[in-house]
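Note sheet for the following structure.
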Amino acid sequence: MSVIKPLSGAQAVAEAMRQINPDVVVAYPITPQTPVVEYFAQFVANGLVDTETIPVESEHSAMSATVGASAAGARAMCATSSQGLALMWEVVAAVPGLRLPIVMPIVNRALSAPINIHCDHSDTMGATTIGWIQIFSENAQEAYENMFLALRLAEHKDVLIPAMVMQDGFIISHGVENVKILDDDVVKKFVGERNPDRFLLDVKNPYTIGPLALPDYYFEIKRQQEEAMENAKKIYLEVGEDLSKLTGNKYPYFEEYRIEDAAAVIIVLASAAGTAKDAIDEMRVDGKKVGLLKPKLFRPFPYKEIRDAVKNIPVIGVLDRSISFGSYAPLYTEIRNSLFELENKPKLQSYIFGLGGKDIFKNDIKQIFEELLSGKVNPEEQKYIGLRG
Amino acid sequence: MADKKGWHDLMRGADLPPATSLEYKTGSWRSMRPVFDASNCIHCMICVAYCPDMAIPITKSEEGVVGKGGRLYKGAVRLETNFDYCKGCGICAQECPTKCITMIREEEAVEASTK
Ligand code: SF4
Ligand code: SF4
C-alpha cells in the first residue's frame, strides 16, 4: 500500500528520513536544504521519530558529529547544500576512508562567488573524487526513493562507504509535486536496523578507528576503498531490484528515454531531464528521432554500460549544469571517457547550462536537438546555453 | 615490507585491533636514557602520569620498597623504566620533584653496561 501526497522535494526527503528513523541526525540549515532540516526537526519535536538531533554551530561540526555517531554504531545522517558542503569538506573527505555508511541528502546549489542560492551542480561535482557514492534524482519521487536505495547500498557489508543523494535546489526542493509514499512498515522492513560488524560503543570488543597510516599502509587502505566502490556498482542493482518490488519503479544506472532509434540523444542529469523528455515528446510528434539518457548513479560511474547504450547513436549532446574550469565539463568528461573503446564513436558536443539557477526551457532543448541533428558539432568546443553574449 | 599485510588482509578502513601499540617498540628511538635512583624516590607517581609512553610500570607492594630517607613506601610504587617503550624524552626527569631521575646519553649507558 502507498499514498500519494503533495510534497516538495525537500519534504519528500524529510519524509524518507522520518520513515528510516535514523538514530542520529546532525545538520546545519543552509538554503535550499533548510526545509529538509525544518521538516525533520518537526518530526522530532512531535515525537514521530526516535532520532536524536544535535544542534551544532557549523557544517564542519555537523559532519564531525555525524561521523562520531556513525563510528559509535548509530545510523547517522546529515544534509547540506553548496557552501555547507564546502565548509564540512575536511570531514566529508575523511568519511569514505573511515568506511562509515553515512547517507547525506544534498540539495544542489551553486558555489560562491558570486554568492548565489540557486541550483547548479558545482557543489557535488567538487566531491566526485573522494569516495562518496553519488545518486542524482530527477524529481521529488526519485529523491524520496533514492534515500532508501542509498541507505541499503551504503550499509551493505561489501560496500560500507557513504552516499550522497542529490536533488536540484529550488526546482525540486521547493517545487511541490505528487509523491507516492510507501507505508511506514514497508520502509521499516526494507531498511531494517543498522547492523555494524564493529562499532566503538561495543566496549567488550575495542578497536582503533582513524589511526595514522604512513607510506607503508596508506596506499593499501585506499585500495580497499576502491574495491568498495566497485562492489557498490554491483550492489546498487541488487538493492534496486529489492526496492523495485516495493515501488514498482526501476533503478538502473541510467534512464533511457526513447533512444532505441534516436538520431540524436541528449545526456543530462537531474531535473533538466524532465524538461528534455517533454521536448522529446513534442519533437517525436514532428517525426524527429530524438532521445535522452539520464545518468542516475554518478559515482561509481557506469562507463561500460553507457558505452553499450549509446554506441549506435550518431550524435550526442552532453549538458552539464556545472563547469570544470580549464577542463571538459564533469558529465561530458565521463561520457567522452565512456566512448573511448568504440571504433566508431558517436559525434559529441558539450553544452554548459543553468549555472547559478539560470532556467533552461523546452525551446532551448529543442534548439540543441536541431543543432545535433544538423551534425554541426565540435567535440572540443564547449557551448553555452542561454548565456548573454 | 615483506612482513606487512597487503590490502586484502588489513582491517577495513585502517581500523586496528586493540593494544597494537604494545607491538611498537618506541624504545628504539631513544638517544637519552632516564636513570632512576630508587633510593631517592618518594613514589609520588608524577613521572608515571607524565610519561607519554606509559613506560614507567607500577605495582602494588604490600611489603613496601625502600625509598627516599630510607623510608618504606607501601601501596602503589613505581618500578624500573620499561626500556622497550621509553623513548628518552626526559619528561619524567623534568617533572620528578626529588630529582631522582637523571638523563644520560644512551651510548654512555651502553658503554657502562658492557664494561
Ligand atoms: S616522580 Fe620521581 S619521586 Fe615521584 S615516583 Fe617518579 S621517580 Fe619517584
Ligand atoms: S624518558 Fe620519557 S618516555 Fe622515558 S620514561 Fe621518562 S617520560 Fe617516559
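To find a chain, count down the sequence lines: A is the first, B the second, and so on, and within it residues start at 1. Model, not experiment: these values are computed from the prediction.
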I want to check something: taking the side chain as every heavy atom from C-beta on, are A/I221 and B/W7 in contact at a cut-off of under 4.5 Å?
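SC-SC contact between A/I221 and B/W7 ruled out.
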Contact between B/R12 and A/R198 at the side-chain level, heavy atoms closer than 4.5 Å - yes or no?
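They are in contact (side-chain heavy atoms under 4.5 Å apart), so the answer is yes.
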Quick one: what part of [X] sits under 4.5 Å from any heavy atom of chain B, side chain, backbone, both or neither?
X	answer
A/L100	neither
A/Q224	both
A/N205	neither

Mind listing the closest non-hydrogen atom pair of B/A14 and A/P211 along with its distance?
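What the structure gives for the nearest pair is O-CG, 2.9 Å.
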For [X], does the [atom1] atom sit with more than 12 other heavy atoms under 6.0 Å from it, leaving out its own atoms?
X	atom1	result
A/E227	CD	yes
B/E80	CD	yes
B/M45	CE	yes
B/K60	NZ	no
A/F190	CZ	yes
A/E90	CD	no

Once you round to the nearest 0.5 Å, how far does CG of B/L16 lie from OH of A/Y207?
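Between atom CG of B/L16 and atom OH of A/Y207 there are 11.0 Å.
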Between CE of B/M11 and OG1 of A/T208, what distance do you get to the nearest 0.5 Å?
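Those atoms lie 8.5 Å apart.
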